[in-house]
Amino acid sequence: KTLLLSRTSLVQPAELFVAASVGSGLKQITHANDALLAKLDMNAPETFWFDGAEGTKVQAMLIRPAQFDAKKKYPVLVLLHGGPQTMWGNSWGYRWNAQVFSAAGYATLMFNRRGSTGYSQKFTDDITNDWGGKAYVDVMKGVDASLVKFAFLDGTKMAAAGGSYG
C-alpha cells in the first residue's frame, strides 16, 4: 500500500520519494543532495515546440545560463542525444548533464529530433535508413526557431556536443 520511488529532474539528482496512497502526493524521504544544490544556480528547463522536417512538430528544451540576465547575449550549445533512438527528458544526467554547460555560461538547447523515443513509433522509426536526413533538418530548424524565440541567444557563437549518434 506504499510506493517507494526514485525521482530526478534537470535540477535535482536522484532522491527517494514515497506515496502512501492514491492521491496522497509524494513525500521526499531522502535529502542527500540538498546542501550541495543550495550552493548551485540552476535553471529549470523551458519546453517548447517547433516545426521540424516535413512540418512535423518537434519538442525542445532550453536551459538558461546560471546568473541569467535577459539584457545579455549568450553563446549557444546544442546538446545532441545519441542512440539515435533515445530522448532528452526532464531528468538528471550523470553522463551528459545540461546544467554543467549552462553553469559555464551557455544557453543549452536539447532537441528531441526525429528518431527520438516517446513521440510515436513512426517518429522513432523515421530515422531508419535516413541517417543525417530528417534528424539533421529537425536540429537545424530547431536552432533557427530558437534564435527567433529567444532574443538572448547569440547565433554568432554556437557549438554542438554529443556522443554516439549525437
**OP:** With sequence neighbours excluded, give me every ring-ring contact (aromatic ring centres under 6.0 Å, His included) pair touching residues 141-163.
**Re:** Phe48-Phe150, Phe68-Phe152, Phe150-Phe152

**OP:** Report the C-alpha separation of Ser146 and Leu62 in whole Å, then their side-chain angles, then the decisive distance to 0.1 Å, and conclude whether the side chain to side chain contact (heavy atoms under 4.5 Å, CB included) test is met.
**Re:** CA-CA 9 Å; Ser146 299; Leu62 168 86; over 6 Å; no

What heavy-atom pair brings [X] and [Y] nearest, and what distance separates the two atoms?
X	Y	answer
Phe111	His81	O-CD2, 3.9 Å
Lys57	Phe123	O-CE1, 3.8 Å
Ala135	Arg114	CB-O, 3.7 Å
Arg95	Gly163	NH2-CA, 4.5 Å

Same apolar cluster: [X] and [Y], side chain cutoff 4.5 Å:
X	Y	value
Leu153	Val143	yes
Met158	Leu80	yes
Leu109	Val139	yes
Met42	Tyr94	yes
Val58	Val76	yes

Whether [X] side chain and [Y] backbone form a donor-acceptor pair below 3.5 Å:
X	Y	result
Ser164	Gly83	yes
Thr30	Ala32	no
Gln85	Thr124	yes
Asp154	Lys73	no
Asp138	Ala53	yes
Gln99	Asp41	no
Asn43	Pro65	yes
Thr8	Pro13	no
Asp130	Lys134	yes
Trp96	Gly82	no

[X] [atom1] to [Y] [atom2] distance, which is reported to the nearest 0.5 Å:
X	Y	atom1	atom2	result
Gln59	Trp49	CD	CH2	5.5 Å
Leu4	Leu26	CG	CG	10.5 Å
Thr47	Asn112	OG1	CG	9.0 Å
Met61	Leu10	CE	CG	5.5 Å
Thr56	Asp51	OG1	CG	8.5 Å
Gln12	Arg7	CD	CZ	7.5 Å

Subject >> Side-chain heavy atoms of Glu54 within contact of Val137, under 4.5 Å >> reply: no

Subject >> Side chain proximity check, Val11 to Ile63, heavy atoms < 4.5 angstrom >> reply: no

Original post:
Does the side chain to side chain contact (heavy atoms under 4.5 Å, CB included) test come out yes or no for Tyr74 and Arg64, once each step is laid out?
Top reply: CA-CA 9 Å; Tyr74 292 93; Arg64 295 174 188 238; over 6 Å; no

Subject >> Residues Lys122 and Asp126 bridged, charged N to O under 4.0 Å >> reply: yes

Original post:
After noting the C-alpha distance and the side-chain angles of Lys149 and Glu46, does the key distance pass the side chain to side chain contact (heavy atoms under 4.5 Å, CB included) rule?
Top reply: CA-CA 12 Å; Lys149 183 173 180 61; Glu46 299 173 48; over 6 Å; no

Original post:
After noting the C-alpha distance and the side-chain angles of Glu15 and Leu37, does the key distance pass the side chain to side chain contact (heavy atoms under 4.5 Å, CB included) rule?
Top reply: CA-CA 12 Å; Glu15 295 284 1; Leu37 292 174; 5.6 Å; no

Original post:
Do other residues, nucleotides or ligands put more than 12 heavy atoms under 6.0 Å from Lys141 NZ?
Top reply: no

**OP:** Please say which of Val78, Leu77, Val100 ends up in a side chain to side chain contact (heavy atoms under 4.5 Å, CB included) with Tyr106.
**Re:** Leu77

